[in-house]
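One-based numbering, in listed order, for ligands and for the atoms of each. Numbering of residues begins at 1 and proceeds along the displayed sequence. All figures in this text were calculated on a predicted structure; none of them were measured in a lab.
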Amino acid sequence: MAQKILVTGGTGYIGSHTVVELQETGFDVIVVDDLSNSRIKVLDNITKITGTRPAFEKFNLADQIKTLDFLSHHNDISAIIHFAASKAVGESVEIPVKYYRNNLNSLMNLLDGMKNYNIPNIVFSSSCTVYGQPNHLPVTENTPRKDAESPYGNTKRVCEDILNDTITAYPQLKGIALRYFNPIGAHHSALIGELPIGIPGNLIPFITQTAAGIRDELKVFGDDYNTPDGSAIRDYINVVDLAKAHVVAIRRLLEGNNKSGYEIFNLGTGKGLSVLEIVNGFEKVTGVKLNYKIVDRRAGDIEKIWADTTYANNELGWQAIKSLEETLLSAWNWEKNIRNIK
Ligand code: WQD
């Protein structure tokens with residue numbers, strides 16, 4: 001009997017790619033999503049890729065009654081991967097209460113259910129945003145967290161503390177927080193990918209929409225940073241490499257290989273790339289000339305960050321392996337597929 005994994009936010013960008021990897025590894029997956037920032041059609045496309053349609057229930061995990069009722073009827077779940085959260089940095093500045101209520105209550109309801117119904121394992125979707133602008137680079141898991149640059153980032157930091165404190169109080173629970181750097185790209189089938197609703201906040205979907213003619217021009221937010229070409233540096237990790245890391249983390253918990261009840265891993269490539277390097281890389285690999293303009297810095301942006309991946313590589317036996325070229329091409333193929341561009 002295949003072990004059953006609950007994936008919250010499983011119709012989202014990273015969630016959908018993780019569902020594919022879980023199914024292809026032989027796990028039985030059930031997805032819970034409120035579809036506030038994703039489409040049910042993603043389940044059809046996951047099914048096309050893996051041949052198995054994940055079970056699905058639609059509700060918001062911040063609803064305590066629904067979440068506890070769901071878990072009481074699914075206490076055969078071996079582990080939870082918790083992606084579901086509000087994640088738009090800019091919006092979180094405008095309506096912080098929505099972000100704290102949704103992101104914190106969702107996690108707390110899941111933890112209550114895990115404790116009540118003996119569901120021992122959880123992998124939590126965290127973010128390198130908890131490091132703010134690090135004083136030293138690259139960033140290790142021991143790099144001190146800093147005051148978040150946004151309410152969204154602070155919800156990730158507080159959720160890590162909620163998880164850590166709950167596991168301390170209830171040692172029957174085990175958890176891993178995965179701190180993502182910048183996830184980009186799409187599944188090679190071009191059937192799933194990043195599908196921002198409205199104007200994209202993140203760099204890669206804005207690039208692919210500009211290349212597709214949906215956006216007139218890409219604005220590069222600042223070229224006066226203290227970096228080689230003046231534009232900001234990030235650690236861009238292929239979303240499939242990232243999804244595979246979640247399967248490794250789940251198996252670590254299920255097989256009891258975790259070294260402590262609460263563990264943290266950075267998920268990056270270990271290489272920093274600037275915005276202009278990404279732009280040039282996209283033009284080179286796709287042959288599409290991008291219309292872009294350098295404008296002022298975006299409020300809240302940090303200058304540079306990239307991961308020291310040694311601990312994740314050694315402890316998890318996982319490494320990001322897909323090249324930037326393959327990753328940028330996958331993002332472009334996805335954009336072309338959803339826009340019916342040949
Ligand atoms: C990357 C770089 C921008 C758009 C955020 C969250 C993080 C995670 C990923 C959720 C920056 C520049 C961007 C554009 C640009 N989100 N840029 N023009 O801000 O590093 O991280 O998204 O989990 O938690 O903080 O990602 O893709 O928005 O920006 O020049 O139109 O691209 O200034 O330097 P970011 P991003």
Side-chain angles (χ1 to χ4, degrees), residues 9 12-15 17-18 37-38 82-93 99 102-103 124-134 139 145-157 159-160 177-185 194 196 198-211 214-239 242 266-269 272-282 290-307 324 327-328 331:
Y13 174 40
I14 304 165
H17 286 82
T18 303
N37 194 28
S38 58
H82 180 40
F83 293 105
S86 302
K87 55 151 274 185
V89 171
E91 185 189 48
S92 78
V93 175
Y99 276 68
N102 186 43
N103 294 0
F124 173 65
S125 167
S126 191
S127 169
C128 64
T129 199
V130 303
Y131 295 116
Q133 175 56 67
V139 168
R145 295 181 303 175
K146 281 192 172 179
D147 289 348
E149 306 285 330
S150 67
Y152 157 77
N154 201 38
T155 67
K156 288 299 180 183
R157 176 182 172 142
C159 281
E160 286 189 354
L178 297 177
R179 290 177 180 164
Y180 311 154
F181 283 68
N182 286 59
I184 63 170
E194 194 166 6
I199 300 173
N202 291 132
L203 177 63
I204 298 303
F206 208 106
I207 284 179
T208 56
Q209 288 190 15
T210 304
I214 293 160
R215 308 289 164 200
D216 292 337
E217 77 174 4
L218 166 72
K219 292 181 176 57
V220 173
F221 296 135
D223 69 345
D224 57 348
Y225 286 104
N226 180 21
T227 61
D229 65 20
S231 63
I233 291 175
R234 296 290 186 275
D235 183 333
Y236 295 94
I237 177 171
N238 182 289
V239 66
L242 188 65
N266 284 341
L267 298 183
T269 66
L273 290 170
S274 73
V275 177
L276 290 173
E277 285 177 303
I278 293 289
V279 170
N280 297 333
F282 182 84
L290 275 176
N291 180 29
Y292 69 89
K293 185 169 76 172
I294 308 284
V295 299
D296 291 340
R297 297 181 179 187
R298 179 173 65 178
D301 273 354
I302 62 165
E303 179 173 80
K304 50 193 169 191
I305 190 167
W306 61 91
L324 176 69
T327 303
L328 293 175

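The part of Leu218 lying near ligand 1 is the side chain, judged by heavy-atom distances below 4.0 Å. With a 4.0 Å heavy-atom cut-off, ligand 1 is reached by the side chain of Tyr236 but not by its N, CA, C or O. Contacts with ligand 1 closer than 4.0 Å are made by backbone heavy atoms (N, CA, C, O) of Lys219 only, the side chain lying farther away.
Taking distance alone, with nitrogen or oxygen atoms compared against 3.5 Å, Pro183 stays at or beyond that limit from ligand 1. In terms of polar-atom proximity, Arg234 is counted as a contact of ligand 1, with an N or O under 3.5 Å from an N or O of the ligand.
In this structure, the protein non-hydrogen atom closest to atom 26 (O) of ligand 1 is Asn182 ND2, 3.1 Å. Scanning all protein heavy atoms for the shortest distance to atom 6 (C) of ligand 1 gives Val89 CG2, 3.7 Å. With respect to atom 4 (C) of ligand 1, the closest heavy atom belonging to the protein is Gly201 O, 3.4 Å. Summary of contacts: the protein heavy atom closest to atom 7 (C) of ligand 1 is Ser127 OG, 4.0 Å. Scanning all protein heavy atoms for the shortest distance to atom 27 (O) of ligand 1 gives Leu203 N, 2.8 Å. Closest to atom 14 (C) of ligand 1, if we only count protein heavy atoms, is Phe221 CE1, 3.3 Å. Of all protein heavy atoms, the one closest to atom 33 (O) of ligand 1 is Asp301 OD2, 2.5 Å. Closest to atom 5 (C) of ligand 1 among all protein heavy atoms lies Asn202 ND2, 3.8 Å.
Side chain of Asn266 to backbone of Cys128: no donor-acceptor contact under 3.5 angstrom is found. Under a 3.5 Å cut-off, the side chain of Arg297 and the backbone N or O of Asp224 do form a donor-acceptor pair. For Asp235 (side chain) and Ala307 (main-chain N/O), a donor-acceptor pair under 3.5 Å exists by modelled atom type. Checking side-chain atoms of Lys146 against main-chain N and O of Pro134 turns up no donor-acceptor pair under 3.5 Å. Of the possible donor and acceptor atoms, one in the side chain of Ser231 sits under 3.5 Å from a partner among the backbone N and O of Leu276. With Lys304 contributing its side chain and Ser274 its backbone, the two residues share no donor-acceptor pair below 3.5 Å.
When the heavy atoms of Arg297, Arg298, Arg215, Glu149 are ranked by distance to atom 28 (O) of ligand 1, first place goes to Arg298.
No option in Lys156, Lys87, Arg157, Arg179 other than Lys156 meets the side-chain contact (heavy atoms from CB on, under 4.5 Å) test with Ser127.
For ligand 1, the atoms closer than 4.0 angstrom to any heavy atom of Val220 are 30 (O). Proximity to Ala232 (heavy-atom distance under 4.0 Å) selects the following atoms of ligand 1: 34 (O). Shown in contact with Tyr152 at under 4.0 Å from a heavy atom are these atoms of ligand 1, numbered in order with element: 10 (C), 23 (O), 24 (O).
Under the 30°/60° scheme for interplanar angles, the aromatic rings of Tyr152 and Tyr99 are found to stand perpendicular.
A side-chain donor from one of Tyr180 and Ser125 sits under 3.5 Å from a side-chain acceptor of the other.
In terms of the ring pair (Phe, Tyr, Trp, His ring centres under 6.0 Å) criterion, Tyr131 has no residue partners (sequence neighbours excluded).
To the nearest 0.5 angstrom, Asp229 atom CG is 10.0 Å from Leu273 atom CG.
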